[in-house]
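The figures that follow rest on heavy atoms only: side chains count, while hydrogens, waters and symmetry mates do not. Being a predicted model, the structure only gives us computed values, none of them experimental.
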Amino acid sequence: MSRYARKLEKMESGKWFMKSVVLLGSGILCMVLLELLGSLGSAVGADFLEAMAETLSEGVFLVYLVGVLAIYTVTGTWGYILHLFKEAFLLPWRFTPVIVLAWVFFVIELAIGFMLMAVVEIMVLFCPPLVLHLARNHFEAKCGMGMAW
């Protein structure tokens, strides 16, 4: 069994896609509720409610980050995430090979590559279900097997 097949099996057997959806949904729900609590505190003039909502929202975000890191570690998608960053950075070079002709195009393409890396970073941080879905498809393609969610 190849390493991609093992990673794919681990993702499938642990239902990590659904766990990532639950993590994302609960994080969003908690942040919305805490924002409502902070708004209520500012509306009635209760500073302690605002402070409590701010502190709790920082804690919820920290728990969310730890959960995302745990999901990526358990499913073994760090290699795929590095692959995404590499592809995002090198993407402009695939479309326009004019960097040899002018340094201006090189600088523009470098900026586009960094912007695409930032998009991948935002996706990795705030959408773990999408990353797991993409990683699953990547692992399937690498090991040559087709499995259904």
* Locate the shortest heavy-atom distance separating G41 from L49; write the atom from each residue and the value. => CA-CB, 3.6 Å

* If two hydrophobic side chains count as joined below 4.5 Å and joins carry through other members, does L125 share a cluster with L24? -> yes

* Asked: Taking all non-hydrogen atoms of both residues, which atom of V74 and which atom of K10 are closest, and how far apart?
  -> O-CD, 2.7 Å

* **Check: L40 and L36 side chains under 4.5 Å, non-hydrogen atoms** => no

* **Least distance between heavy atoms, L34 atom then A53 atom** => O-CB, 3.4 Å

* To do: Mark yes when over 12 heavy atoms from residues, nucleotides or ligands other than K19 sit less than 6.0 Å from its NZ; otherwise mark no.
  => yes

* Any donor-acceptor N/O pair, Y64 side chain to S26 backbone, under 3.5 Å -> no

* Just wondering, do T77 and F139 contact through their side chains at under 4.5 Å, heavy atoms? -> yes

* To do: With rounding to the nearest 0.5 Å, note down the distance linking CD1 in I71 to OG in S20.
  => 5.5 Å

* **Atom pair CG/OG1 of L69 and T73 - distance to nearest 0.5 Å** => 6.0 Å

* Taking atom CD of E54 as the centre, does the number of heavy atoms from other residues, nucleotides or ligands within less than 6.0 Å exceed 12? -> no

* To do: Report whether I28 and M123 are members of the same hydrophobic cluster (ILVMFWY, side-chain heavy atoms less than 4.5 Å apart, transitive linking).
  => yes

* Might you confirm whether atom CD of E35 has over 12 heavy atoms from other residues, nucleotides or ligands at distances under 6.0 Å? => no

* Mind checking whether F17 and H133 have side chains closer than 4.5 Å, heavy atoms only? -> yes

* Side chain proximity check, Y80 to V124, heavy atoms < 4.5 angstrom -> no

* **Side-chain (K7) to main-chain (G76) donor-acceptor, under 3.5 angstrom** => yes

* To do: Using a 4.5 Å cut-off on heavy atoms from C-beta on, say whether the side chain of F61 contacts that of L65.
  => yes

